[in-house]
Amino acid sequence: MEDAKRTGIKRKTDKNARSEHVSLTSAEKIKEITDKLEKGISDLFESDRYMKYLKVMSKLHNYSFNNSLLIAMQRPDATMVAGYTSWKVNFHRNVNKGEKGIKILAPAPYKINKDIEKIDPLTQKPILGKDGKPIKERVQVIVPAYKVTTVFDVSQTSGEKIPEITTELKGDVKEYDQFYEAIKRTSPVPIEFRQIHDGANGYYHLQDKIITIREGMSQMQNIKTAIHELSHAMLHDKDNGIEKENLPDSRTKEVEAESIAYTVCQHYGIDTSEYSFGYIAGWSSGKELDELKNSMNTIRSTASEIIKGIDKEINLIKEDEKISQLA
C-alpha cells in the first residue's frame, strides 16, 4: 500500500532537542508539514514524471470484474498484466522464457448475415409487401462471443523500466528498535511481520484486528507502513474507529492514512515524500485534491495524537532501559 535514499533521525543536543520537541508537536508545525504535503502533491501532478506515468498507464487494458477474478485466482501477486504482444510493442518488454501465462476471456465477436423484417422509420412498424406480408432485408449482425487468451504479469517480463510514481523507501532510521517498539505500544491492535505475496507492503485486517507488515523491507519503509496501517486502525475500524459512524470511501481512507504517515514521519525527520506524494496522488480523484483538503482536520488531529503517543512510549522505553542498566 505503499523511493528514495534518506537518512533517519539526526542526533541533536538535549537542549536543541527539547526546544524542537515543543515546536514540532505544536499545531502550527503540523500545519506547516501538511501544507508542504499539499504543495508537493500539486507539483507532482504537473511534473514530467507524472505525465510519463500516465502515458504508459493509458496503454494498459482495463479488465472486467470476471477477468480480474481469473487473474487473482491464478496469480494473486499480479500487479500489472498485458498480452505477449502488448508487452513487446507498448512497453518494450519481453516475456521471460518458461513463464506460465494467465488465462482470461477476451471478446471474439463475429458477423453473420441475417434476414430481418424491414421497419418503417416513421411508424416503427414492419413494411408490408403487395402480398400483405412483411418485407425482409439481409443485414449483417454481430454475434457476441469469447475466446480464451493469455496475459502475463509485469514480474514475468524484463526490458525497459516501467515509470513509477511511488518507489519503496530505502534507508535506516536512528534508534529504529526503540521507535518501532513505541509505534507498537501506541497502536490499538497488534503489529507483526509476515510474508505478503499480493504486492502490498502492509494491511490492517478488519476482522482479526491486527496490522501486518511485509517482511524484508527497509527500516524507513517499515516505519512508514506501520504508521499508515496504524492510522487505518484508529480511524477506519468499523467497530472502534474514530470515523466508524461515517466511514469515508476507499480513496479518502488511503489519502488520510498516507497523509498521516507522511506528517508523523516528517515530524521525526524521516522524509517519505518520494513515496507518499505519489501514493496520495494515485488515490486522489483529481488535481483538486478534494480528499486531502476535506480530511485535513482529521489528518492533523490524528497525526498529533500519534506523535504524542510515540513520544510518551519512547520516554518510557528509555526510562526502562536506564533502570535495567542500573540493575
Side-chain angles (χ1 to χ4, degrees), residues 45 50-157 159-160 162-163 165 198-199 206 238 246-255 281-291 294:
F45 274 123
Y50 190 69
M51 294 303 109
K52 289 177 182 177
Y53 172 79
L54 289 182
K55 186 176 180 180
V56 170
M57 292 302 106
S58 68
K59 297 176 183 178
L60 280 173
H61 183 74
N62 289 321
Y63 292 97
S64 67
F65 176 74
N66 288 336
N67 273 334
S68 296
L69 285 178
L70 287 173
I71 292 169
M73 289 169 64
Q74 296 170 73
R75 196 173 184 95
D77 59 346
T79 57
M80 187 185 301
V81 299
Y84 184 94
T85 303
S86 180
W87 277 122
K88 192 168 187 176
V89 175
N90 294 327
F91 305 97
H92 306 119
R93 296 178 68 87
N94 295 307
V95 175
N96 300 327
K97 187 176 180 180
E99 291 288 353
K100 183 180 179 182
I102 305 165
K103 303 296 183 183
I104 63 171
L105 297 175
Y110 60 92
K111 298 178 181 178
I112 61 171
N113 292 322
K114 187 176 182 181
D115 293 330
I116 63 171
E117 294 179 351
K118 195 171 184 178
I119 302 297
D120 187 316
L122 296 177
T123 65
Q124 295 298 311
K125 293 181 179 181
I127 300 175
L128 304 179
K130 293 180 180 180
D131 58 359
K133 294 181 179 179
I135 298 174
K136 293 193 175 183
E137 59 180 347
R138 177 155 289 192
V139 297
Q140 276 194 336
V141 177
I142 298 176
V143 179
Y146 295 88
K147 66 177 181 180
V148 176
T149 190
T150 304
V151 294
F152 299 86
D153 182 55
V154 63
S155 63
Q156 298 175 283
T157 68
E160 193 173 293
I162 301 292
I165 55 172
D198 63 359
L206 287 169
K238 57 185 177 61
N246 189 25
L247 282 174
D249 57 37
S250 59
R251 286 181 178 275
T252 303
K253 287 178 183 178
E254 293 305 321
V255 168
W283 278 101
S284 177
S285 58
K287 295 183 180 181
E288 296 304 316
L289 300 177
D290 289 341
E291 292 85 0
N294 293 337

Could you tell me the separation between the [atom1] atom of [X] and the [atom2] atom of [Y], rounded to the nearest 0.5 Å?
| X | Y | atom1 | atom2 | result |
| --- | --- | --- | --- | --- |
| Gln156 | Met80 | CD | CE | 13.5 Å |
| Thr85 | Asn90 | OG1 | CG | 9.5 Å |
| Lys147 | Leu105 | NZ | CG | 11.5 Å |
| Glu117 | Glu137 | CD | CD | 10.5 Å |

(request) Test side chain to side chain donor-acceptor pair (under 3.5 Å) on Asp153 and Ser155 and set out the steps. (result) CA-CA 5 Å; Asp153 182 55; Ser155 63; 2.6 Å; yes

Quiz item: How are the rings of Trp87 and Phe91 set to each other: parallel, tilted or perpendicular (split at 30° and 60°)?
Solution: tilted

Return the minimal non-hydrogen interatomic distance between [X] and [Y], and the atom names on each side.
| X | Y | answer |
| --- | --- | --- |
| Arg251 | Ser284 | NH1-O, 3.3 Å |
| Ala106 | Thr149 | CB-CG2, 3.5 Å |
| Lys103 | Gln74 | O-NE2, 2.7 Å |
| Ile162 | Val56 | CG2-CG1, 4.4 Å |
| Gly101 | Phe152 | CA-CE2, 3.4 Å |
| Ile142 | Pro109 | CG2-CB, 3.8 Å |

Lys125 pairs by side chain to side chain contact (heavy atoms under 4.5 Å, CB included) with which of Leu122, Leu128, Thr123?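 Only one option passes, and that is Thr123.
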
Does Glu99 use its side chain to pair, donor to acceptor, with the backbone of Thr157 at less than 3.5 Å?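 No; judged by distance alone, with no hydrogens or angles, the pair does not exist.
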
